[in-house]
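Notes for the one structure printed next.
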Amino acid sequence: MIEQPDHIKSIPAYKPGRSSVDGWDGPIYKLSSNENPYPPLPSVVEAVTRAAGHMQRYPNMSAPEFRSALADRLGVAADDIALGGGSVESAAQIVRAFAGHGDEVIYAWRSFEAYPLLVKTAGATAVQVPLTPTEHHDLLAMLAAITPRTRVIFICTPNNPTGTVVDHEELRAFLREVPSRILVVVDEAYTHFVNDPTAVRGIEIFREFDNVVVLHTFSKAYGLAGLRLGYTIARSDVREGLAKTAMPFAVTDVAAAAGVASLAAETELQERVDLLISERDRVAGELALLGWNVPPSQANFFWLALGDQADAVQEHLLSHGIIARPFSGDGIRISIGEPEANDAVLAALRSFR
Ligand SMILES: Cc1ncc(COP(=O)(O)O)c(C=O)c1O
């Protein structure tokens, strides 16, 4: 029997959203992983097929064409972009590079399920600061949680799983109080779904504060979850650390080619994002009218704050072919899918009780 070291033993393994339902033979809607429900565009499939033609070779880790196209799109220098095999790998690079044994990493809770795993596998200590009763980041409490051992703070906006955003001006005020030796990570995995003008604008924050990095992904709005393509926008001091902790060759040439093709097809992709945003607002609006507690979401999912009813609602959804993401005793996160999937969610929730 091979024993795990103590700091690994206590960690629950990451659980991906489930994808099947026993005993239901109607249509199944997988709304558990905040994926884009639409299949890849033909131009992206073509680029992927072309790139796959040389997959006997290791990828070019610097992905110059992709980084340069992305830099143009974002208005940052190509050198400021450090790639990751999905933004979860980017987040892992950050934690491994900047927090180790005896260090503390602060993040809101409930938030992205991977944060505790990344922090604990790095041997650091997770400091979880509860969300406010309206499911928002409690920035004052996060400030109060800073100690001399704090090395990294994650700000997840929109927050997974609650969908709530941090206010841009409030984040600036927070950052003015955070010691500049602490790295603040603004995780904007869902930024493309934000239409609230008061929400954090990560790149502006990055330009203003030297100790801030921003995480983005091609998994959500761009629909490339299966190809694993994310990145950190960071200055050279941070990038030097990330270059040491990045998994070599985690970003394939195939993924980078899909990234280039996706940036070239942004107008078409934006139409899908716009549809998902309007569906989100439709579903959340109807659920609020029905009396469900749905915090304002700026992401491609919404949160039902259910407390101890979470398990019962989850069973009810499953019995209607809907696979959501339950957090027992707390709530359920439901991704926005195609209109028929969202209609199925509404019908199921209307018939609960
Ligand atoms: C807040 C947040 N950050 C990062 C990620 C990681 O996404 P990926 O690794 O697919 O880029 C997710 C995925 O669910 C997320 O919710």
Side-chain angles (χ1 to χ4, degrees), residues 14-19 30-37 40 63 66 70 81-96 105-119 121 126 128 131 135-137 152-166 184-194 199-200 202 213-234 242 246-247 250-252 254-256 258-259 262 276 280 295 297-303 323-325 327 331-337:
Y14 183 80
K15 274 209 321 223
R18 61 190 280 176
S19 52
K30 181 177 180 292
L31 302 173
S32 53
S33 301
N34 301 338
E35 294 150 334
N36 193 316
F66 172 57
L70 188 56
I81 297 171
L83 301 183
S87 60
V88 73
E89 205 258 323
S90 297
Q93 293 169 14
I94 293 169
V95 176
R96 282 200 299 264
V105 178
I106 298 176
Y107 52 86
W109 198 251
R110 182 170 289 284
S111 190
F112 182 32
E113 290 291 284
Y115 295 155
L117 295 187
L118 301 181
V119 173
T121 51
Q128 302 186 338
L131 296 170
E135 316 283 1
H136 288 79
H137 277 55
V152 178
I153 301 176
F154 278 92
I155 301 285
C156 187
T157 176
N159 186 48
N160 174 6
T162 58
T164 49
V165 285
V166 173
V184 179
V185 183
V186 180
D187 184 345
E188 287 193 312
Y190 301 97
T191 186
H192 298 83
F193 302 101
V194 173
V200 163
V213 299
V214 174
L215 286 182
H216 284 173
T217 179
F218 275 68
S219 295
K220 311 295 178 180
Y222 293 95
L224 298 184
L227 271 183
R228 316 307 301 130
L229 184 61
Y231 59 97
T232 310
I233 306 170
L242 304 188
M247 184 71 71
V251 176
T252 63
V254 175
S262 300
L276 292 168
R280 169 193 78 205
S297 173
Q298 286 282 295
N300 64 338
F301 56 84
F302 62 92
W303 174 246
I323 305 175
R325 182 68 177 250
F327 296 91
I332 297 184
R333 188 192 71 200
I334 306 179
S335 309
I336 294 295

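Both ligands and their constituent atoms are indexed starting at 1 by order of listing. Source: prediction; values computed, not measured. Only this structure's heavy atoms are used, side chains among them; waters, hydrogens and symmetry mates stay out.
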Is the side chain of Q128 donor-acceptor paired with the backbone N or O of Y107 at a distance under 3.5 Å, no angle test?
no

Ligand-protein N/O pairs under 3.5 Å (ligand 1):
unit_1, atom_1, unit_2, atom_2, d
ligand 1, 3 (N), D187, OD1, 3.2
ligand 1, 3 (N), D187, OD2, 2.7
ligand 1, 7 (O), S87, OG, 3.4
ligand 1, 9 (O), S87, N, 3.1
ligand 1, 9 (O), V88, N, 3.0
ligand 1, 9 (O), R228, NH2, 2.7
ligand 1, 10 (O), S219, OG, 2.6
ligand 1, 10 (O), R228, NH1, 2.9
ligand 1, 10 (O), R228, NH2, 3.4
ligand 1, 11 (O), S87, N, 2.6
ligand 1, 11 (O), S87, OG, 2.9
ligand 1, 11 (O), T217, OG1, 2.5
ligand 1, 11 (O), S219, OG, 3.3
ligand 1, 14 (O), Y190, OH, 3.3
ligand 1, 14 (O), K220, NZ, 3.0
ligand 1, 16 (O), N160, ND2, 2.7
ligand 1, 16 (O), Y190, OH, 2.7

Please tell me whether R280 and N300 have a donor and an acceptor in their side chains that are separated by less than 3.5 angstrom.
no

Electrostatic pair E135:R110 at N-O distance under 4.0 angstrom:
no

List the atom pairs, donor and acceptor, that lie under 3.5 Å between side-chain atoms in residues 186-194 and the rest of the protein, sequence neighbours left out.
unit_1, atom_1, unit_2, atom_2, d
D187, OD1, A189, N, 3.2
D187, OD2, Y115, OH, 2.7
E188, OE1, H216, NE2, 2.8
E188, OE2, G202, N, 2.9
Y190, OH, N34, ND2, 3.0
Y190, OH, K220, NZ, 3.4

Is there a ring-ring contact (aromatic ring centres under 6.0 Å, His included) between F327 and W303 once you walk through the steps?
CA-CA 10 Å; F327 296 91; W303 174 246; 5.7 Å; yes

Will you find, in the side chains of N159 and S111, an N or O donor that is under 3.5 Å from an N or O acceptor?
yes

